[in-house]
Amino acid sequence: MATETTTATPTAPSATTAEITPLPAFSPDLYQRAWASIPHPSLPLIATCHAHSVTVFSLSTLSKHSVLTGGHTRSVRSAAWQPPRGKVSGKEAKRLRLVTGSFDTTAGVWTWDQGRREESLEREIRLQSGENDQEAEEEEEAEDEWELTLVLEGHENEVKSVNYSPSGQYLATCSRDKSVWIWEDVGNPNPSSEEEDEEEEDEDEWETVAVLQEHDGDVKAVAWCPDVPGRKGKYAPPRRYGDDVLASASYDNTVRLWREDGDGEWVCVAVLEGHEGTVWGVAWEGRPRENDKFPRLLSWGADEVIRVWSLKEPEEEEHGEGAAGGGGNNTWGFGVPNTMRRSLKEEWECTAVLPKVHKGDIYSVAWSTETGLLSSVGSDGVLALYQETANTTEKNEENETNGEAPTTTSAGGWKVLTTVKGAHGPYEINHITWCKRYDAGSERKGEEEMLVTTGDDGVVRPWQVRIQ
Amino acid sequence: MAKSDLDNANPTVLSVSQLPSRNLAKGHVRKGPDSKYDHILFPKQWWAGSSLNTDPSVWTSDEDEDDDLTLATEEPIDEQEIYDLLSTISDPEHPVTLGQIAVVRLDDIHLSPSPAERLDPNTLTNVEVDLTPTVNHCSLATVIGLAVRVRLENALPPNYRIIVRMKDGSHAQDDQVNKQLGDKERVAAALENDTLKGIIEKMLETCV
C-alpha cells in the first residue's frame with residue numbers, strides 16, 4: 001500500500017486514506033438471513049429483503065418504517081424501487097412503489113396505500129355503529145400499509161433479481177430458468193408528457209416485451225445502465241438502438257448486454273467472458289465520466305475477482321471499419337435492410353481487475369455515484385474499499401493512441417483504501433450499497449454518503465466512510 | 001421404490017463397529033483451552049435449525065464426554081467430530097447410513113486452519129468434505145451433498161464455511177454437482193422446496 005501511494009503521479013492528490021467505522025445497526029435486527037437492502041433513489045428509505053418479506057427502514061430514524069408481507073410464499077431475494085417518474089411541472093409521482101423478486105417464481109408490484117385515511121374513517125364509523133370490537137381490532141391488525149397490486153408471473157423457477165430502467169418504463173427480472181424478462185409499464189403512458197389528470201396515474205398494467213434466453217445457466221442479477229450523459233454521449237454506439245442498456249450476470253460465468261433494436265426486438269449486443277465461476281452481480285458506473293465517455297460496468301463473482309469492463313470507443317471502431325468497408329460511413333439508418341447493417345455486436349473489453357482482497361465468493365459490489373469509490377463484500381465477511389488511481393487512466397489513453405491494447409490483467413488502476421474484517425462477525429455478507437445519510441448523526445444530511453451492509457446474521461448495518 | 005430402480009442395488013455395507021470413532025483415533029492430540037468461551041462466542045444458530053429437525057446443540061457434544069456443556073466445548077471441533085455429524089445421515093435409498101456405505105469417509109474431511117492452528121475461535125474455518133457416491137452416475141449425489149451441507153450448516157457455528165464436493169472422478173457430473181452445492185442461493189432455494197426438504201429431513205432423522 002505504502003509503495004503504491006508513493007508511486008502515484010505528481011498530479012494525483014496526496015495519498016488518500018479512508019476510515020470505515022460502524023454506525024448503530026438498523027433496528028430491529030431481523031434475526032434471519034437478509035439478502036439485500038435497496039435504498040430509495042430520493043427518499044430516506046431502504047428496503048431489506050428477508051424470508052418472505054421486505055422490511056423498509058427509515059434512514060432518518062434508523063428504525064423500521066413498514067413491512068411488506070403476505071405477498072410471497074417463498075423468500076424474497078431482491079427488490080427495486082420505482083424511480084421517481086413523471087416530473088410534470090416539478091411534481092414527482094406521489095406514489096411509492098416497490099417491486100419484489102421471489103423464490104416463489106413471481107415478482108410482486110407493491111404500492112404504498114394512500115387511501116388508508118378513508119378506510120380508517122370508514123372503520124371509525126362502523127365502530128361507532130356498534131360492531132364487534134374484536135373484529136374491528138383484527139381488521140386493524142391485518143391492515144397493511146403496503147398493498148400488493150400486481151403479481152408478474154412467467155418465470156418457471158426462482159426470480160433472483162429485479163431492476164427498473166432509469167425512466168421506470170421497463171422492469172427486468174431474471175431467474176434460475178436461465179431467462180431474463182423485460183416488462184414494460186403500460187399502465188402509465190407517456191410518463192414524461194404533460195398529464196393533467198393525476199388521478200389516472202396509478203393504473204397497474206405491465207406487458208412482457210422480451211424473454212431473453214441466451215444464458216446457459218441461472219441468471220443471477222440484472223442491472224440497467226443509469227441515465228448519465230455518457231449513455232448518449234459522443235462515445236456511445238451509433239444510434240441504432242434505444243437508449244436503455246441491460247446487463248445480466250449468470251451462473252454460466254458470463255455477463256451479457258442487451259439493447260432494443262430499431263424493430264423493437266431486444267438483442268444481445270455483447271457477451272463478456274473472463275470470470276471463472278458464477279458471476280454474482282453487475283453494477284454500472286453512475287458517476288458521469290470526463291468527455292461523457294460511456295459508463296463502465298463492474299462484474300464480480302465466485303472466482304473472487306472484480307472486473308471493470310469498458311466499451312471500446314467507437315471512433316477507433318469506425319476507423320477500422322471504414323478502412324475495411326471501403327470508406328462507407330457508419331450512419332446506417334433503420335431503413336437499411338437487416339443484412340446490410342453492421343454487426344449488432346458491441347465491443348467490450350476488460351480494462352481492469354481490482355486488487356484481490358476476498359477469499360471466497362464476492363456477493364456484492366457497490367460503485368459510488370458521488371465519489372467513484374468501490375466497495376465489496378462476500379462470504380469471507382470482509383468489507384473492502386477501493387479507489388481508482390489517476391495514473392492508469394492516462395496509461396490507458398497512451399496505450400490507445402499507440403494502438404496497443406490496454407493491459408487487462410494488471411491490478412493497476414485501482415488500489416485498496418481499507419478493509420474491515422468480520423464486518424458482520426463470523427457471518428457472510430450478502431449485500432452492500434452506498435446511500436445517503438439522513439440520521440441525526442450526520443452533519444450533511446441528504447448529502448453525506450455511507451455504506452450499508454446486509455448479512456446472514458439479519459443485521460443491516462450502516463458504516464461511516466471518512467476520506468482524507 | 002422397486003429394487004430395480006435403485007441406483008446402486010447392492011452397496012457394500014460396513015458394520016457400525018468398523019466405522020472410525022473417537023476410540024480408534026487414539027493419539028490424536030486435541031488442544032484448545034483457547035476455545036473455552038466457545039459457548040458464549042458461538043451462540044447456537046438461531047435461524048438455521050428452524051426449518052429442519054436437528055438438535056442445534058449437537059456441535060458442542062461429543063460422545064466421549066458427559067453432557068456438561070462447558071466441558072464439551074473446551075475442545076475445538078476436529079475432523080472426527082465432523083465425521084460423527086455426517087456418518088449417521090441415512091442414505092436416501094437404503095436403510096443404512098452414509099458412514100456405513102462409506103460415502104462419507106474420515107480421511108476425506110479436512111479442516112483449514114486445522115484445530116491446533118486456530119488461536120482465535122472466531123477465525124473463519126473451511127470444512128471441506130469430499131463425498132464418494134456409491135456409483136459414479138448416482139443421480140442422488142446432489143441430494144446427498146445437500147443433506148451433508150444442511151447438517152453441517154445447522155450444527156456448526158457461523159464461522160465455519162462448508163465446502164461439499166464429489167471426490168475427484170467419483171461422479172460423472174462432478175463439476176456440475178460441486179458448483180450447485182457451492183451456490184448459496186441455490187442451496188437456500190432448494191431448501192424451500194417441500195419435496196426436497198422432506199427427503200432431507202428424512203435422511204437427517206437418524207442423526208443423533
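Lettering of chains follows the sequences in order, A, B, ..., and the numbering in each one begins at 1.
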Interchain contact, [X] with chain B, by part (heavy-atom threshold 4.5 Å):
X: A/Tyr251; value: both
X: A/Arg74; value: both
X: A/His424; value: neither

Less than 4.5 Å to any heavy atom of chain A: does that hold for the side chain of B/Gln180, its backbone, both, or neither?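 Looking at B/Gln180, backbone and side chain both touch chain A.
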Pairs of heavy atoms under 4.5 Å with chain B: top-ranked of A/Lys359, A/Lys421, A/Lys160, A/Glu158 |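 Result: the option with the highest number of such pairs is A/Lys160.
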(message) Looking at chain B, which one of A/Asp104, A/Asn157, A/Asp218, A/Asp380 has the largest number of heavy-atom pairs inside 4.5 Å, strictly under?
(response)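 Option with the top pair count is A/Asp218.
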Requested in this report: List for me each residue that meets salt bridge (Lys or Arg N to Asp or Glu O under 4.0 Å) alongside A/Glu276, sequence neighbours excluded, and say none if there are none.
Outcome: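 Expected list: none.
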- Query: By ring-ring contact (aromatic ring centres under 6.0 Å, His included), which residues pair with A/His155, not counting sequence neighbours?
  - Reply: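 Per chain and number, A/His155 pairs via ring-ring contact (aromatic ring centres under 6.0 Å, His included) with A/Trp181.
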Under 3.5 Å side-chain donor-acceptor pair for A/Trp35 and A/Thr454: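 Side chains of A/Trp35 and A/Thr454: no pair found under 3.5 Å.
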- Task: Say whether A/Gln32 and A/His50, considering side chains only, have a donor N or O and an acceptor N or O under 3.5 Å apart.
- Result: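 Present: a donor and an acceptor within the cut-off.
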Quick check against the 3.5 Å criterion: does A/Ser161 have a side-chain atom that pairs as donor or acceptor with the backbone of A/Val222?
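Between the backbone of A/Val222 and the side chain of A/Ser161 there is a qualifying donor-acceptor contact (under 3.5 Å).
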